[in-house]
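Take a look at the structure set out below.
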Amino acid sequence: GFDYNALFISGSAELFGLIASMLVIDKLGLVATQFSAYFLGGAACLLLGCLSGSAPRTTTVALAFAVRFFMMSGSCSTWAATSELLPTDIRTTGHSAANAAGRMGGFAAPYLITPGIAPSSIGMLMMG
């Protein structure tokens, strides 16, 4: 069946990522928080993609938690930075472009990631 426990654990990472970002952003600054969060999240995502077929369930869930934690922390930092740096018209154009790219990715994903593809290949595909 479906692993709801793993989904709950990895999903709760977003709450912890938000809290961590709020606590760290004033100490490290926006750029350092963004860089470290996105770098660590990307490293965890790459590792998750490479190990997901052979790693134990606990490792896979922990890596999924780390990916969501760091990406949420980085996203919160980005939201704080853009409101300080960019005027509203530029921010809305960027949000529209990101929304369009996300929708295109959502459309293309079922065609790019098929059941026969190896988990390590999915990780490499996601990382570009």
Between atom [atom1] of [X] and atom [atom2] of [Y], what is the distance when rounded to the nearest 0.5 Å?
X	Y	atom1	atom2	value
M72	S77	CE	OG	10.5 Å
L86	T82	CG	OG1	6.5 Å
F69	L18	CZ	CG	10.0 Å
N99	T92	CG	OG1	12.5 Å
I25	S73	CD1	OG	7.5 Å
Q34	S21	CD	OG	9.0 Å

- [ ] Answer yes if I90 and L85 sit in the same cluster of Ile, Leu, Val, Met, Phe, Trp and Tyr residues linked by side chain heavy atoms under 4.5 Å apart, and no otherwise.
- [x]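 Yes.
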
Task: Over all atoms of both residues, closest heavy-atom pair of A81 and L30 - done: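 What the structure gives for the nearest pair is CA-CD1, 3.7 Å.
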
Open item on the list: On a heavy-atom basis, which atom in A13 and which in F65 lie closest, and how many Å separate them?
Closed with: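 Result for this residue pair: CB-O, 3.2 Å.
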
Task: T78 side chain to Y38 side chain, donor-acceptor N/O pair below 3.5 angstrom - done: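 There is such a pair between these side chains.
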
Task: Sequence-distant partners of F16, ring-ring contact (aromatic ring centres under 6.0 Å, His included), two or more places apart - done: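 Listed in chain order: nothing, the list is empty.
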
Task: Those residues that, when tested against F107, pass ring-ring contact (aromatic ring centres under 6.0 Å, His included) (two or more places apart) - done: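 Partners of F107 under the ring-ring contact (aromatic ring centres under 6.0 Å, His included) test: Y111.
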
- [ ] Applying side chain to side chain contact (heavy atoms under 4.5 Å, CB included) between V61 and each of N5, I9, L48, L7, report the one that passes.
- [x]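 Result for side chain to side chain contact (heavy atoms under 4.5 Å, CB included) with V61: I9.
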
- [ ] For D26, look at atom CG and say whether over 12 heavy atoms of other residues, nucleotides or ligands are found less than 6.0 Å away.
- [x]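 No - once you tally the heavy atoms of other residues, nucleotides and ligands closer than 6.0 Å, there are 12 at most.
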
- [ ] Let me see the working for K27 and T33 under side-chain contact (heavy atoms from CB on, under 4.5 Å), right down to the final yes or no.
- [x] CA-CA 9 Å; K27 293 178 179 136; T33 304; over 6 Å; no

